[in-house]
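Here the structure is laid out as structure tokens; the discussion comes afterwards.
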There are 2 protein chains.
Amino acid sequence: MIPDDVVSPLPSQRGLGDLVTDVLREMITGGKFQPGQHLKETELADALKVSRGPIRQALTRLEEEGHVEIRRHRGAFISTLTKTDVEEVHTLRGAIEKLAASRACTRMQGVGFAEMDAVLEQMKSVDTKIDPEDAVRLDLQFHDIIYAYCDHARVLRVWESIRGQVTVFLRARNASFPDFLDVGYSEHKELRDALALGDPQAAQDGIDKHILGAYERLKRLNLPDR
Amino acid sequence: MIPDDVVSPLPSQRGLGDLVTDVLREMITGGKFQPGQHLKETELADALKVSRGPIRQALTRLEEEGHVEIRRHRGAFISTLTKTDVEEVHTLRGAIEKLAASRACTRMQGVGFAEMDAVLEQMKSVDTKIDPEDAVRLDLQFHDIIYAYCDHARVLRVWESIRGQVTVFLRARNASFPDFLDVGYSEHKELRDALALGDPQAAQDGIDKHILGAYERLKRLNLPDR
DNA sequence: CAATGACTTACTGTTTACAATCTACAGAGA
DNA sequence: TCTCTGTAGATTGTAAACAGTAAGTCATTG
């Protein structure tokens, strides 16, 4: 028997549609398109050297993630970020991450917390480097661990469906409040310690506080109401 | 200017893919397929007189709703219901419905509660008729009202993604515990009264109790672990 | 001058055809 | 008899062609 660790990475076991989804998501969250911009299937297909099939698949996925809006016979348009979006994403995230954390805190054991500590260690060093992109990546990595250990496929799927928008928010936060990079470590360290208690209720309270803090900061951003 | 209330419902503004999704979902939740059955795109396309495009779209949607499992180059297979599925759906539903209820209870005003009371009234009459299918429909209708008034597009989307499986559970419950048809009214009436307090915390507690009760009953079903 | 209606254009929704990939089974070798 | 390998068959992934629809434009009419 060959151990799982050495199975060939299989260059691409995922379909083209999934690849295109990732590429477009990265372009959108990276700000390559203007809000409201019309994404035409044929243009995207030509640009990415694939046919319209995978493009359509990707666009429907991205619609579910809130990155684009699809209007029948009109096409896909880049969503404009509104106060409503910020509120919805944060309240929904709070709801599912509380559930995720209450389950994860009793399942992470030593190995899960070791992963968290590794991320926290990097967060500390970010304070000196101050690369906003690293801060975003580490923030997401930290929370990914919670979702990974909650052992709940459906919660994980919901998280994946809002993760991209959370990325957008984090980048916007770093752009508007560059000083936040300094407090990232302490806030996540606090959350880690709450989880380490192994008490589901304490874990939920920790998440509540954490998400609420993130929401309060973002509310200061000047966004259209809807 | 014509008020929004009277705009024509637009007979069928939805695409073929959406229609196929609904048809297949109804067939699956209605038990037309055996668990594990292999759904072949070409067969479905021939049977429904459409091409494979809309079929593919429908199958990916149904995968997201947990009704089928898609394995690359193998096709779509009807999901077998497991204890894990029951647990995941109920815990996730609890999380989002608490959020939905806490928002809805302050937004339903008179009109929302009137809708609920109309459903409750029918539930009472069901007790005499005892048509299990009506019981399922009314149960869903009741909760749909909560989601409709919570004014949260993303929560609504998550609900829609698990609503089909909840339907399956309700039907299974009615099949295994036919006597439950009698308590459906009182349980929902209790929940309605909790929402009517207009207190978000009370609303959440009401949902917690309601969902937990549903979960406890379903746990008695004899299902495979995974 | 405003409003309506036909026409044009460009896009998406759908169908059809082709290519890549996987599974299953049979046969050869140990 | 068991295992491995090669081939055949079937099914999905992908591409391209076709058809239908909505928005925009411009002429026409009240």
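The chains referred to below are lettered A, B, ... by the order of the sequence lines, with proteins before strands, and numbering in each begins at 1.
- In this entry the distance linking CG of B:L16 with P of D:dA19 reads 16 Å, nearest Å.
- Ranking C:dT15, D:dG13, D:dT21 by closeness to the A:H73 side chain, first place goes to D:dT21.
- Here the P atom of nucleotide D:dA16 and the CD1 atom of A:I55 are 13 Å apart, to the nearest Å.
- Put simply, CD on B:Q57 is 16 Å from C1' on D:dG13, counting in whole angstrom units.
- Checking C:dT12, D:dT12, C:dT15 against every side-chain atom of B:K40, the shortest atom distance belongs to D:dT12.
- In this structure, CG of B:L39 is placed 14 Å from C1' of D:dT12, rounded to the nearest angstrom.
- The interatomic distance linking A:F77 (CZ) with D:dA23 (P) rounds to 9 Å, in whole Å.
- Across all strands, A:G53 comes closer than 4.0 Å to no nucleic acid atom at all (heavy-atom distances).
- For A:R72 against D:dG20, no side-chain N or O and base N or O form a donor-acceptor pair under 3.5 Å.
- Between B:R52 atom CZ and C:dG13 atom C1' there is a gap of 16 Å when expressed in whole angstrom units.
- Regarding B:E43, its CD atom lies at a distance of 9 Å from the P atom of D:dT12, rounded to whole Å.
- Ion pairing between B:E65 and B:R163 fails under the 4.0 Å rule for side-chain N and carboxylate O.
- Residues B:R154 and A:D85 are in side-chain contact: their nearest non-hydrogen atoms beyond the backbone lie under 4.5 Å apart.
- Comparing C:dT15, C:dC18, C:dG13 by their nearest atom to the side chain of B:P54 picks out C:dT15.
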